[in-house]
Amino acid sequence: MTFIDRPVAIGLDLPRRDGAAKVRGTAVYAYETPVENPAYAHPVQATVARGRVTALDTAAAEVLDGVLAVLTPATAERLASTEDRELAALQDDGVAFRGQVVALVVADSSETARHAAALVRVTYAQEPHDSELRADRDDLYAPERVNPDFPTDTVEGDVAAATAVAAVVVEQTYTTATYHNNPLEPHATTAHWEPADGRLTLWDSTQGVHPARTAVASVFGLDEAKVRVVCPYVGGGFGSKGTPHVNVVLAAMAARAVPGRPVRLALTRQQMFSLAGYRTPTVQRCLLAAERDGRLTALAVDVVEQTSRIKEFAEQTGVPARMMYAVANRRTTHRLAALDVPVPSWMRAPGECPGMFGPEVAMDELAERLGLDPVELRIRNEPVTDPQTGKPFSSRNLVGCLREGAARFGWSGRDPRPGVRRDGDWLVGTGVAASTYPVHRMSKSTAVIRREGDRYVAEIGAADLGTGTWTTLAQIAADALGVPVERVEVRIGDTDHPMATVAGGSSGMSTWGSAVVEAARAFRTRYGAEPPERAEASGSVPPADDRWAMHAFGAQFAEARVHLDTGEIRVPRLLGVFAVGRIVNPRTARSQLVGGMTMGLSMALHEHSVLDPRTGHVVNHDLADYHIAANADVAEVEAHWLDEHDPHVNAMGTKGIGEIGIVGTAAAVSNAVWHACGARVRDLPVTLDKVLPALEDPPGR
Amino acid sequence: MKPFEYRSPADAAAAVRSVAGNPAAVFLGGGTNLVDHLKLGVAAPDLVVHVADLLPAGIEELDGGTLRIGAGVRNSDLAADRRVRERFPVLSQALLSGASGQLRNMATTGGNPLQRTRCVYFQDVTTPCNKRQPGSGCSAVGGWTRHHAVLGASEHCLAVHPSDMAVAMAALDARVRVLGPDGERTIPFTGLHRLPAGTPERDTVLEHGDLITAIDLPPLPLARRSAYRKVRDRASYAFALVSVAAAVEVRDGVITDARVAFGGVAHVPWRAHRAERVLRGAPATEETYRAAADAELADARPADGPDGGNAFKIPLLRRTLAATLRGLVREDAR
Amino acid sequence: MSEITVHVDGTPRRLTVDTRTTLLDALRERLGVTSPKKGCDHGQCGACTVLSGGRRVLSCLTLAVTQDGARVVTAEGLAAHDRPDGERPAGGQRSDDDGLHPVQRAFVDCDAFQCGYCTPGQVVSAVGMLDEFARGWPSAVTEGTRPPRLDRAEVAERMSGNLCRCAAYVNIVPAVQRAAAESGTAAPGAGVAE
Ligand SMILES: Cc1cc2nc3c(=O)[nH]c(=O)nc-3n(C[C@H](O)[C@H](O)[C@H](O)COP(=O)(O)OP(=O)(O)OC[C@H]3O[C@@H](n4cnc5c(N)ncnc54)[C@H](O)[C@@H]3O)c2cc1C
Ligand code: SF4
Ligand code: FES
Ligand code: FES
């Protein structure tokens with residue numbers, strides 16, 4: 001790997017190449033793919049959380065005019081692989097969670113498909129279900145590893161002994177709620193099965209066309225060459241389109257049931273709450289022990305969270321605490337409850353996002369107890385090398401982010417006392433928290449560079465989820481080729497292009513960009529400065545340099561206001577400073593960081609999937625009841641970055657920016673709310689009912 | 001959604017005949033609630049009769065100063081009307097605090113008070129609900145009740161009425177003009193909605209085929225000093241946790257007259273007569289505001305729930321009423 | 001089934017629809033007009049916003065049969081030159097050289113989107129909103145009866161019916177203000193009270 005030393009196109013503030021198409025609405029998303037005479041599929045969902053389907057009466061559905069097929073476990077094709085039980089659609093009569101798909105209707109129109117689905121009569125042998133996560137359950141278990149491949153537990157030193165002699169100890173339980181990714185574009189597919197040549201084409205809303213193809217090919221036992229997945233635009237994913245969910249299997253099944261006729265399937269918003277993944281709720285028991293000067297002597301994070309009974313997903317909530325601060329005695333553990341609930345999965349910054357809530361509020365509580373500034377407390381616990389691996393950091397600029405953020409935010413001179421600042425009818429406070437996210441680079445991905453006329457074309461099956469890939473890959477290719485960016489055309493989102501990994505773990509740019517750089521180098525090596533027409537070379541991601549611990553860092557500052565009478569909470573100001581390596585495009589980078597922070601704000605104040613343990617389903621399963629921040633909830637959100645030069649991470653020097661923005665925000669907001677009104681909210685979301693008891697009655701005036 | 005017949009009759013009388021003659025017929029106003037329910041399967045009519053375009057869409061000033069608001073007037077037009085903004089700010093504010101710009105452009109004056117509860121179990125046809133299916137049980141009892149009632153609920157239903165506009169109308173002594181199969185009649189707005197008791201399936205006193213043609217706002221000078229305060233989980237585009245519609249008249253530091261109604265806490269827009277009685281003649285002080293709230297909330301009963309239930313609504317409403325009244329008195333003093 | 005004619009972005013489109021079909025599904029699934037998006041199908045996100053009769057409405061809660069004869073404008077047809085009838089929808093604003101309406105131009109310039117899925121709805125909503133503002137309509141954050149200024153709070157409140165999961169809000173607000181300033185709508189007092 002050679003580092004791009006003198007970037008020209010990298011770093012340019014370029015508008016998105018797909019901008020005009022997006023503001024007009026002409027960019028084509030999966031469901032909208034123009035096809036001839038499409039049919040429409042609509043799933044039927046289980047209304048019990050555990051049991052068996054004993055009878056499925058499809059007669060009323062089948063006689064409806066326009067119904068083409070009703071697929072049930074009795075009539076659906078047998079899948080080649082049922083190993084992934086989330087994807088093993090309609091293979092048996094078992095029900096493992098409420099909302100599981102028990103039948104599928106295919107019809108001429110979406111209205112008819114939906115109507116027919118409602119007419120399918122399902123009879124169940126219902127079994128008692130158990131859908132409630134509690135930390136005191138007696139059936140919690142330790143998974144073998146946590147996502148993606150971390151040890152479940154770690155122990156260093158002796159936490160109990162250090163705690164016993166510590167000057168100050170904070171020990172509290174913090175909880176994060178269940179969250180649903182809720183990309184604005186529902187999970188959707190247009191599927192076409194061509195019986196003549198046995199080819200399956202899926203226009204699918206996915207964060208990775210190649211991983212989606214692999215999964216579908218394996219489920220159906222098809223040769224990968226017979227499956228094409230296309231996805232030029234994704235209407236948001238946030239992890240929920242990173243691994244295929246059952247909807248794509250259903251769409252392919254439906255297409256095979258009506259050979260030759262394309263089928264469209266989009267989950268409804270309500271269906272997304274049981275079929276498209278979500279973030280597990282977490283219970284985090286956090287312990288911090290410190291010397292009087294603030295130096296940590298012990299740290300423990302014991303996490304309890306849930307998974308589904310049919311498929312394990314163990315969110316790595318305790319993992320960030322393994323490397324954030326220097327401490328000699330440390331313990332992190334993960335315990336799971338396997339419940340009769342839908343399958344949890346990736347959501348923006350799995351692990352770091354929930355895992356930087358408890359500990360970062362605990363740090364604030366520790367600062368309060370010590371009478372130490374919370375920025376300073378963090379700086380005092382800065383490690384020299386990575387506490388987890390002992391390796392040096394390729395770069396670690398948390399302290400720089402904290403200092404720069406404090407200066408920009410106007411932190412200095414902050415009165416630490418809670419509940420003492422008023423502005424009209426509002427109590428005002430400020431809070432801080434740290435952010436971190438590992439630098440991931442996937443081990444595979446290939447790009448091709450070709451000369452076509454006066455342009456260079458870069459092809460790779462990458463994805464643009466709004467992250468800006470269409471634009472930023474061109475910038476990288478331009479610098480790797482040494483040509484103006486206007487001369488580079490990028491083609492992504494199609495398995496007909498070379499293999500690319502998933503847009504996940506903030507690895508997209510670092511992985512695909514590395515492949516593009518390698519391809520460009522190979523291209524120039526082979527063809528020099530004057531390549532012939534159609535000259536072509538490919539390149540793949542080089543192995544990562546494993547001598548370093550590679551992480552991005554950040555510091556987030558929040559101002560919170562709490563209404564004296566009603567306890568309403570507003571966050572007029574969020575400011576983040578990040579050390580995320582080199583920025584490829586400041587415009588799209590800022591949007592991603594600000595977007596992540598705003599989603600963090602949304603998590604802090606609003607988001608909360610309410611599971612009713614009696615039924616086992618999320619009852620607020622729509623966008624009127626599952627609140628995400630609306631425009632009026634968001635005021636100033638600023639993202640800044642340090643000029644960070646890290647030649648070790650990859651050829652571009654990029655660290656990944658898609659996820660770090662959401663890490664730490666909720667803690668910063670909760671800390672600011674405490675500073676405003678004195679209510680320490682350890683259970684997300686921070687809502688007015690949780691601060692009301694701390695407010696004076698009547699408000700002092 | 002099951003298929004249905006659609007009609008767009010020429011006038012109100014024909015619309016009433018169409019609906020009255022078919023027990024499975026419904027009126028369609030702006031559709032913002034009905035179309036939602038058609039998709040959810042909460043409503044499954046055989047016949048849909050479009051009335052939004054045939055109902056009066058103007059606001060008329062009658063002799064004596066009553067404002068007659070045609071049932072076809074869209075929420076956004078009503079909120080923007082200068083007479084309404086000056087004489088009944090509480091109504092304009094209530095409308096503007098509801099839904100979104102797009103929805104207010106669609107929603108009608110007739111449809112708004114007849115929108116149905118947002119109770120999550122009511123909207124989900126896979127869960128029991130007495131309001132949707134009488135006798136099936138109330139899933140909210142022992143369920144998620146953050147948005148449920150603390151006043152006037154029954155063991156059969158804890159739902160709240162979601163409308164903001166209706167809370168203002170209840171405070172303003174509005175009157176509802178109804179055209180039914182047997183002719184026209186007028187009912188006080190506060191008599192339109194009913195408490196759930198044993199029959200939560202009935203939201204209002206209207207009979208099948210009754211069409212709201214207009215809402216009258218009689219002159220109410222004190223309403224010039226009125227306000228709507230809505231407290232919700234999101235800064236916009238969210239239903240009320242609690243809301244207060246209030247109008248007060250203050251002379252020499254004494255409240256001489258008041259109108260108060262609550263939203264988000266009951267099956268009906270809750271006219272707070274007891275609070276009004278405490279306010280009338282009392283000094284405009286924090287003690288008075290709280291005494292008024294306490295009088296009205298004496299019978300309040302919170303409901304449990306998996307995330308703590310809705311007991312917080314009682315102190316919240318108390319504090320919100322005080323804040324609203326204090327704000328109006330301050331404004332009055334200016 | 002009903003036969004209706006809807007003028008979509010200036011073109012009369014005749015179609016036979018199921019009475020159940022929403023305007024959104026009629027556009028997307030019958031007419032191939034996929035600029036309005038489906039985010040929730042229940043009036044809870046704003047992605048399906050179109051102008052009907054010049055007003056911003058949600059096409060997912062509008063039955064197509066009620067739109068017989070209506071003039072519907074989507075983000076695709078906002079810019080005047082895209083329209084066969086040459087009519088300038090809402091606000092009478094011109095399109096620029098790229099064929100973008102000023103609101104669209106401002107959205108691109110301010111990077112007021114990421115995934116783009118909420119964007120056509122945001123854009124149409126902004127056009128409708130600016131027209132409402134110009135007519136002096138108040139919002140929930142407008143104080144008193146004087147014409148408001150199009151400050152951050154006013155724009156944010158008026159645009160709150162359009163959710164953006166990518167959370168481009170901090171760029172959407174200045175984009176709308178920029179478009180408004182160009183058309184003269186944003187100037188203090190420009191909103192004419194009725
Ligand atoms: C996401 C979302 C958020 C919302 N937020 C709020 C909010 O914060 N506050 C709020 O107050 N509202 C809110 N609403 C609700 C909205 O205000 C109502 O749906 C609307 O006012 C209903 O009016 P409509 O004309 O659309 O009624 P329709 O949907 O057409 O009809 C509603 C009911 O009234 C009947 N009906 C309609 N017109 C008449 C008539 N003239 N006579 C007799 N019967 C009639 C119909 O048959 C139907 O049963 C929200 C809605 C949505 C979708
Ligand atoms: S509260 Fe009323 S509407 Fe809700 S489930 Fe109970 S009966 Fe139904
Ligand atoms: S799709 Fe119409 S508002 Fe969401
Ligand atoms: S840009 Fe993705 S939802 Fe708004």
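Order of the sequence lines sets the chain letters (A, B, ...), proteins ahead of strands, with each chain counted from 1. All values reported here derive from a predicted model rather than from experimental measurement.
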Novice: Taking C-beta and beyond as the side chain, do C/Tyr117 and A/Pro186 meet within less than 4.5 Å on heavy atoms?
Specialist: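 With C-beta onward as the side chain, the pair touches.
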Novice: Could you pull out the closest heavy-atom pair between A/Gly25 and C/Pro120, with the gap in Å?
Specialist: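 Smallest interatomic distance, heavy atoms only, reads CA-CG, 3.4 Å.
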Novice: When you compare the side chains of A/Tyr626 and C/Gln44, does any donor N or O come within less than 3.5 Å of an acceptor on the partner?
Specialist: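 Looking only at side-chain atoms, C/Gln44 and A/Tyr626 do not form any donor-acceptor pair under 3.5 Å.
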Novice: What part of A/Ala188 gets closer than 4.5 Å to chain C, counting heavy atoms only: side chain, backbone, both or neither?
Specialist: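 Interface part for A/Ala188: neither.
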Novice: With rounding to the nearest 0.5 angstrom, report the OG1 to NE2 distance, A/Thr268 to C/His42.
Specialist: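 Going from OG1 on A/Thr268 over to NE2 on C/His42, the span is 7.0 Å.
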Novice: At a heavy-atom separation under 4.5 Å, does C/Asp109 approach chain A through its side chain, its backbone, both, or neither?
Specialist: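 Just its backbone gets close to chain A.
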Novice: Let me know if C/Arg30 has heavy atoms under 4.5 Å from chain A in its side chain, its backbone, both or neither.
Specialist: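 The side chain, not the backbone.
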Novice: With only heavy atoms counted, which part of C/Ala47 is less than 4.5 Å from chain A, the side chain, the backbone, both or neither?
Specialist: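 Only the side chain of C/Ala47 comes within 4.5 Å of chain A.
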Novice: How far apart are the closest heavy atoms of C/Cys115 and A/Gly235, and which atoms are they?
Specialist: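 In terms of heavy atoms, the two residues are closest at SG-C, 3.4 Å.
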Novice: Is there a donor in the side chain of A/Thr26 and an acceptor in the side chain of C/Glu76, or the other way round, less than 3.5 Å apart?
Specialist: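 Distance-only check fails for A/Thr26 and C/Glu76.
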Novice: Below 4.5 Å, heavy-atom pairs only: which of C/Val155, C/Thr34, C/Val124, C/Thr119 has the largest tally toward chain A?
Specialist: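 When all of C/Val155, C/Thr34, C/Val124, C/Thr119 are compared, C/Thr34 has the most.
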Novice: Any side-chain heavy atom of A/Asn631 sitting closer than 4.5 Å to one from C/Asn162?
Specialist: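 They are not in contact (no side-chain heavy atoms under 4.5 Å apart), so the answer is no.
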Novice: Contact between A/Arg590 and C/Asp111 at the side-chain level, heavy atoms closer than 4.5 Å - yes or no?
Specialist: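 The answer is no; the side chains never approach within 4.5 Å.
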Novice: Against chain C, label A/Tyr29 side chain, backbone, both or neither, depending on which of its atoms sit under 4.5 Å from a heavy atom there.
Specialist: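 Side chain only.
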Novice: Is A/Pro183 close to chain C through its backbone or its side chain, or both, or neither, when contacts mean heavy atoms under 4.5 Å?
Specialist: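 When you check distances to chain C, only backbone atoms of A/Pro183 fall under 4.5 Å.
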Novice: If you measure from CG on A/Leu623 to SG on C/Cys45, what distance do you get to the nearest 0.5 Å?
Specialist: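 The SG atom of C/Cys45 is 6.5 Å from CG of A/Leu623, to the nearest 0.5 Å.
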Novice: Counting only heavy atoms closer than 4.5 Å, note whether A/Val637 contacts chain C via side chain, backbone, both or neither.
Specialist: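 Both parts, backbone and side chain.
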Novice: With rounding to the nearest 0.5 angstrom, report the CZ to CD distance, C/Arg165 to A/Glu185.
Specialist: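 One finds 14.5 Å between CZ of C/Arg165 and CD of A/Glu185.
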Novice: Considering only heavy atoms, which portion of C/Val123 lies under 4.5 Å from any heavy atom of chain A: side chain, backbone, both, or neither?
Specialist: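 Side chain of C/Val123 only, per the 4.5 Å heavy-atom cut-off to chain A.
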Novice: Give, for atom CG of C/Asp18 and atom OG1 of A/Thr112, the distance between the pair rounded to the nearest 0.5 Å.
Specialist: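 C/Asp18 atom CG to A/Thr112 atom OG1 measures 6.5 Å (nearest 0.5 Å).
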Novice: I need the C/Thr74 OG1 to A/Arg24 CZ distance, nearest 0.5 Å.
Specialist: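 If I round to the nearest 0.5 Å, the distance is 11.0 Å.
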Novice: What part of A/Asn181 is in contact with chain C, defined as an atom under 4.5 angstrom from a non-hydrogen atom: side chain, backbone, both or neither?
Specialist: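 Just the backbone, heavy atoms under 4.5 Å.
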Novice: I'd like to know which of A/Gln592, A/Glu111, A/Arg264, A/Glu636 tops the heavy-atom pair count under 4.5 Å against chain C.
Specialist: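 Max contact count across the listed options: A/Glu111.
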Novice: Show, in sequence, the C-alpha distance, side-chain angles and deciding distance for C/Glu29 and A/Ser110, and conclude whether the side chain to side chain donor-acceptor pair (under 3.5 Å) test is met.
Specialist: CA-CA 8 Å; C/Glu29 295 175 6; A/Ser110 59; 2.5 Å; yes
Novice: Contact part of A/Ala624 toward chain C, heavy-atom cut-off under 4.5 Å: side chain, backbone, both or neither?
Specialist: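 Backbone plus side chain of A/Ala624, per the 4.5 Å heavy-atom cut-off to chain C.
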Novice: Please check if atom CD in C/Glu143 has more than 12 non-hydrogen atoms from other residues, nucleotides or ligands closer than 6.0 Å.
Specialist: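 Not more than 12 within 6.0 Å, no.
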Novice: Is the shortest heavy-atom distance from the side chain of A/Tyr31 to the side chain of C/Lys37 under 4.5 Å?
Specialist: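 They are not in side-chain contact.
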Novice: Return the CG to OH distance between A/Leu601 and C/Tyr169, rounded to the nearest 0.5 Å.
Specialist: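 One finds 10.5 Å between CG of A/Leu601 and OH of C/Tyr169.
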Novice: Using a cut-off of under 4.5 Å for heavy-atom pairs, which of C/Asp41, C/Asn171, C/Asp25, C/Thr21 has the most such pairs with chain A?
Specialist: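 Among C/Asp41, C/Asn171, C/Asp25, C/Thr21, the one with the most close pairs to chain A is C/Thr21.
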Novice: Quick one: which of A/Lys22, A/Glu638, A/Arg269 has the most heavy-atom pairs under 4.5 Å with chain C, could you say?
Specialist: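 Result: the option with the highest number of such pairs is A/Lys22.
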Novice: So which of A/Ala630, A/Gly19, A/Pro34, A/Gly595 has the biggest tally of heavy-atom pairs under 4.5 Å with chain C?
Specialist: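 Top option by heavy-atom pairs under 4.5 Å: A/Ala630.
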Novice: Does A/Ser591 form a side-chain contact (heavy atoms from CB on, under 4.5 Å) with C/Phe113? I'd like the steps, not just the answer.
Specialist: CA-CA 8 Å; A/Ser591 287; C/Phe113 53 91; over 6 Å; no
Novice: Under 4.5 Å heavy-atom distance to chain C, tell me which part of A/Leu184 shows up: side chain, backbone, both or neither.
Specialist: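 Both parts, backbone and side chain.
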Novice: Report which part of A/Arg114 has an atom under 4.5 Å of a heavy atom belonging to chain C: side chain, backbone, both, or neither.
Specialist: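 Side chain only.
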